[in-house]
Amino acid sequence: MSRYDPAAIEPKWQKAWDEALTFRADRSQDRPKYYVLEMFPYPSGRIHIGHVRNYTMGDVIARYKRSTGHNVLHPMGFDAFGMPAENAAMASGGHPKTWTYDNIDTMVDQMKPLGFSIDWSRMFATCDPDYYGQQQALFLDFLEAGLVYRKNAVVNWDPVDMTVLANEQVENGRGWRSGALVERRELTQWFFRISDFAEDLLDALDGLDDWPAKVKLMQANWIGRSRGLQFAFSTVDAPEGFDRIEVYTTRPDTLMGASFVGVSPDHPLARQLARDNPEIAAFCDECRRMGTSEEELEKAEKRGFDTGLTVRHPFDTSWELPVWIANFILMDYGTGAIFGCPAHDQRDLDFARKYDLPVRSVFVPAMGEEGTFILPEEGGPAYVPPKPETVRYVAGFAGGEAQTGDAAVEAAIGFCEENGVGQGVTRFRLRDWGLSRQRYWGCPIPVVHCDTCGVVPEKKENLPVVLPDDVSFDVPGNPLDRHPTWRDVDCPSCGAPARRETDTMDTFVDSSWYFARFTAPDAATPTDPDEARYWMNVDQYIGGIEHAILHLLYARFFARAMHLTGHLPESAREPFDALFTQGMVTHAIYRSTGADGRPEYHFPEAVELREGRAFLREGGAEVEVVPSAKMSKSKKNVVDPVEIVSQYGADTARWFVLSDSPPERDVEWTAAGAEAAHRHLARVHRIVSEAAEADSEARPGDEDLLREMHKTIHDVTQGIESFGFNAAIARLYAFTATLSKAEAGGEARRAAARTLAQLMSPMTPHLSEELWQVLGGEGLVADAPWPVADEAMMVEDTVTLPIQVNGKRRGEIVVPKDMAKDEVESLALSHHAVLKALDGGTPKKVIVVPGRIVNVVL
RNA sequence: GCCCGCGUGGUGGAACGGUAGACACAGGGGACUUAAAAUCCCUAGGCCACAGCGCCGUGCCGGUUCGAGUCCGGCCGCGGGUACCA
């Protein structure tokens, strides 16, 4: 009997699958199709243990679906454009292209030994001119369909490096390289009209039954449908053209609590005033000296500037409100102007207290619920109850005195419409998607700027517009902008000399349609209608929760836009039927304090674990253990999958990343856990090999073993179907133990062993092929039909029922499975623990849940 | 700040509202061995009068229920997202 040797068996079976083209996505047979997709990786350089977990989950599904008779599409590619390649070029002088393709080569070499059932013939990278050329064709079609337009938008501008910064490149309001204070600068940029689809993107969430509820909720909140009132305040003594200030509010019922009007520093009125008031100009400039991220804006100290102007309250023209410019009002949302009601908005209250503006409550808690309520005007916090809650209006103007916020809002809108004060409108928080990036390593936007014709789309026959190779990164900024010749082209319309657009596309564009391209990666058009109709939708999409909003929303928009432009069928407007979001792989951090008092981190290899404590191998000093931290190179708590595979084999790595944690949660990688997984696989190898050689006599334990086998088939199948991989694996551990201890004959043990090998095959495909062969299975286990549990074989005759007294467990009884309820009840009542608790009395109530529990209530 | 999650033994975790701690790691004890490794077996939430039909226990406080880790409300801590990181 040979010992378990993954180094020998894994390459052997990978070769066998390759030669048989086992995992080619093939639609020649008339079977149902199944498309499983894991979010493709960014080619950072090396695969990460998190990738292993992500792709193993997809692989389990892919292999399982193959064995249940599906034509499976399971592709892989690379999300290859983006900033890290340019950063690497700046740091070490290479070229983003070489850096990226070298990384892809390395990562493919690292992924293949893991034995994923991927159709590698479909692989592409988004930086392949063939892929981005098709993306440019999509852009032109979207442009023609009116789905793209240009407008001004603000970016983070580094005034020293003279370059645009990403939000993550802004640290505490300063450029990460130059350290200069970041400014906001306006540029003309391209936008996708995603907001036109806001309602549809929101409503269609209801149909996504196999998406996590939390993701749908996050998307719904992001899209943010709100019902409110749009109206105008008329101004007093304002500059010409500013007779009215349009505002939008979701709480028109609080109009009588208005205490000021606020406008964004980017509001036209603020800009107009800044022209001849240097103080206002200075204030607005200061507000603009801030990053563009919502987080930064929201967390910044709320500041304002009194313009000296006033507006009249719409219900009482003698009531004047001051107009302030405030740094927390976004020009992008609503009309860029609000009215502040400090009593019912904490932010407005903070603002009012800071600048000594009036506070006036509009409503108070409903009768009988006041408790220790303190009015905001008397020092209490802003009173902001949920809108469905009933409150009592003390300064209402529409609807009853006691009503819910929702009812009051509707009544207020109705009142305002009747009196010509404003209109009820539905708005969305979702903004159009700005896709322009002032960077080199991205998909060029295929348009030309001509002095006579304006913005002219490139002709499709001239696609792809290819990135030039001869660029340098020795100075900051976009190399396309300073390239000597690349910009110079003839206008596609009039033929006169013109300039190419040098902005490239947001990398989210690249990842918004790759799933469609996988269905026909070599097609001469973005998709092949026939292939798309067959393979779409993605039946199961798997990826990180960090993509819950942006990537998934953009992809949903793209699928709609691709349908409108004829690239996807109607049925693929919602491209991902089921979504699963997996957790991270974490690892302990080993930390000590260096001579300079700063933390020093140590690689796991440098540390020895004894009795739960950690010591340096070198010198033996004890180090601190910080458990379950996100892996990061700087903290030195990374685990290299290549190391794990060479040490234990791919099957061990695959088995372990699935075994210890539910897939949606984080999993902590521990060396001891991997070791144990490996020992278990070796044990399985030995037990199965023994079973293969056992004699063929029938034994009394046969029936027990086979019943356990059918129960295992049932549980493991359920586990895989419901993403309960860890539970499926726990079941397989138990069944292995049962098999090893079984007093069963050779035939039963071989049947059990064959089933075990098969049930493990999605997780440990190489070992399973090997065992399948040892047991004389026909062909490849990868091609064998999935076993089906025989329900009749699973039935147990008796069941153990816990007996509770007042909800506390006091004993248990073993009864026939189908015993009548009253019989169970009388049996339970004669249980000694119950008799003692009753002490001669009678129970108030006896609850019998058949097959579950008995609860005696005294 | 705002939106969304998560919190259970020494550790990772299991548990259709129904026996809390399955399965595994680390620990303890034992078998085999000249010895070790490997393998196998047993044990294992805490507390106590140390073994009982005992008490306590799923981040904290309160509620619903015959029964709550699970549902509801409020807090605390950690993580993800926050529109130019992917």
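Each chain gets a letter, A, B and so on, in the order its sequence line appears, and its residues count up from 1. Below, each value reflects all heavy atoms present in this structure, side chains not excepted, and no hydrogens, waters or symmetry copies.
Dashed line: the shortest gap from a side-chain N or O of A/Arg437 to OP1 or OP2 of B/C84 is under 4.0 Å. For B/C40, the OP1/OP2 oxygens have a side-chain nitrogen or oxygen of A/Arg683 closer than 4.0 Å. Between A/Arg809 and B/C53, a side-chain N or O to OP1/OP2 separation shorter than 4.0 Å is absent. For B/A14, one of the phosphate oxygens OP1 or OP2 lies less than 4.0 angstrom from a side-chain nitrogen or oxygen of A/Asn726. Between A/Thr507 and B/A86 there is a side-chain polar atom (N or O) within less than 4.0 angstrom of OP1 or OP2. Between A/Lys216 and B/C3, a side-chain N or O to OP1/OP2 separation shorter than 4.0 Å is absent.
The interatomic distance linking A/Phe735 (CZ) with B/A24 (C1') rounds to 19 Å, in whole Å. What separates NE2 of A/His685 from C1' of B/U39 is a distance of 16 Å, to the nearest Å. Rounded to an integer number of Å, the gap from CG of A/Leu732 to P of B/A24 is 12 Å. Separating the CD atom of A/Gln219 from the P atom of B/C4 is a distance of 14 Å, rounded to the nearest angstrom. Here B/C2 presents its P atom at 13 Å from CZ of A/Arg429, a figure rounded to the nearest Å. Spacing between atom CH2 of A/Trp176 and atom P of B/C85 amounts to 10 Å, rounded to whole angstrom units. As rounded to whole Å, 12 Å separates atom C1' of B/U19 from atom NE2 of A/His831. The separation between A/Asp510 atom CG and B/C85 atom C1' is 14 Å, rounded to whole Å.
Side-chain proximity of A/His547 to B/C84, B/U82, B/A86: nearest is B/A86. In this structure, of B/C84, B/U19, B/G81, it is B/C84 that holds the atom nearest to the side chain of A/Gln189. For A/Asn167, the listed nucleotide lying nearest its side chain is B/A83; candidates were B/U19, B/A83, B/A86. When each of B/A86, B/C40, B/U19 is scored by its nearest atom to the side-chain atoms of A/Glu546, the top-ranked nucleotide is B/A86. Of the candidates B/U19, B/C4, B/A24, B/A24 carries the atom nearest the A/Ala676 side chain, counting heavy atoms from C-beta on. Side chain of A/Gln804, nearest nucleotide from B/C66, B/G18, B/C53: B/G18. Picking from B/C3, B/C41, B/C85 the nucleotide with the shortest atom distance to the side chain of A/Lys741 gives B/C41. Residue A/Asn855 places its side chain closer to B/G67 than to any other of B/G80, B/A86, B/G67. Closest to the side chain of A/Asp506, out of B/A83, B/A24, B/C84, is B/C84. Considering only side-chain atoms of A/Lys214, the nucleotide from B/G54, B/C4, B/U19 that sits closest is B/C4.
Among the atoms of the strands shown, only primed sugar atoms or phosphate atoms (P, OP1, OP2) are found under 4.0 Å from some heavy atom of A/Leu217. A/Arg431 comes within 4.0 angstrom of a nucleotide base, judged by non-hydrogen atoms across all strands. Among the protein residues, A/Val164 comes within range of the nucleic acid bases, having at least one heavy atom under 4.0 Å from a base atom. Among the atoms of the strands shown, none is found under 4.0 Å from any heavy atom of A/Ser511. Here A/Ile729 lies out of heavy-atom contact (under 4.0 Å) with every strand. Counting non-hydrogen atoms under 4.0 angstrom, A/Trp433 reaches nothing in the nucleic acid. Backbone-only contact: A/Lys808 has heavy atoms under 4.0 Å from sugar-phosphate atoms and none from a base. Using a 4.0 Å heavy-atom cutoff across all strands shown, A/Phe328 reaches no nucleic acid atom at all. Counting non-hydrogen atoms under 4.0 angstrom, A/Arg679 reaches the backbone sugars and phosphates but no base. At the heavy-atom level, A/Ser659 lies nowhere under 4.0 Å from the strands shown.
One P atom belongs to B/A20, the other to B/A15, and the distance between them is 16 Å to the nearest Å. Spacing of P atoms, B/G28 relative to B/U8, comes out at 25 Å, to the nearest Å. As rounded to the nearest Å, B/G1 and B/A22 have P atoms that lie 40 Å from one another. Rounded to whole Å, the separation between the P atoms of B/C75 and B/C66 comes to 28 Å. Nucleotides B/G18 and B/C71, compared at atom P, are 11 Å apart to the nearest Å. B/G5 and B/G21 have their C1' atoms separated by 24 Å, given to the nearest Å. Spacing of C1' atoms, B/G54 relative to B/G73, comes out at 34 Å, to the nearest Å. Nucleotides B/C16 and B/U11 are separated by 23 Å at their P atoms, to the nearest Å.
One N or O donor and one acceptor, one from the side chain of A/Gln438 and one from the base of B/C84, sit under 3.5 Å apart. Counting atom types as modelled, A/Gln346 pairs no side-chain N or O with a base atom of B/G1 as donor and acceptor under 3.5 Å. With hydrogens and angles left out, the side chain of A/Glu298 and the base of B/C3 share no donor-acceptor pair within 3.5 Å.
The closest donor-acceptor contact from the side chain of A/Gln346 to the backbone of A/Ala382 lies under 3.5 Å. Side chain of A/Lys302 to backbone of A/Asp350: no donor-acceptor contact under 3.5 angstrom is found. At least one donor-acceptor pair closer than 3.5 Å links the side chain of A/Asn327 to the backbone N or O of A/Glu301.
A ring-centre distance under 6.0 Å is found for A/Tyr132 and A/Phe81.
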query = Dot-bracket for RNA chain B, 5' to 3', counting Watson-Crick or G-U wobble pairs under 3.5 Å, with [ ] for crossing pairs and | for inter-strand pairs?
reply = (((((((..(((.....[....))).(((((.......))))).((((...).)))..(((((..]....))))))))))))....
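In this structure, A/Phe351 and A/Phe328 have perpendicular ring planes: the angle between them is above 60°, well past the 30° mark. A/Tyr554 and A/Phe508 have perpendicular rings, their planes meeting at more than 60° on a 0 to 90° scale where under 30° would count as parallel. The aromatic rings of A/Phe580 and A/Phe723 lie parallel to each other, with less than 30° between the two planes, well short of the 60° mark. Using bins of under 30°, 30° to 60° and over 60° for the plane-to-plane angle, the ring pair A/Tyr55/A/His51 lands in the parallel bin. Classified by interplanar angle (parallel below 30°, tilted 30° to 60°, perpendicular above 60°), the ring pair A/Tyr4/A/His685 is tilted.
Ionic pairing of A/Glu825 and A/Lys821 is not present here: no N-O contact between side-chain nitrogen and carboxylate oxygen is shorter than 4.0 angstrom. Ion pairing of A/Arg731 with A/Glu708 is present here, as a side-chain N (NZ or NE/NH1/NH2) and a carboxylate O approach within less than 4.0 Å.
Mapped onto RNA chain B by nearest heavy atom, A/Asn806 and A/Pro41 fall at different nucleotides, with A/Asn806 at the one closer to the 5' end. Two residues, A/Lys302 and A/Lys845, neighbour RNA chain B, and the one matched to the more 5' nucleotide by heavy-atom proximity is A/Lys302.
A cation-pi geometry, defined here as NZ or CZ lying under 6.0 Å from the six-membered ring centre and within 45° of its normal, holds between A/Lys151 and A/Phe191.
Base orientation for B/G62: anti, the chi torsion being more than 90° from 0. A glycosidic torsion no more than 90° from 0 defines the syn conformation, and B/C50 adopts it.
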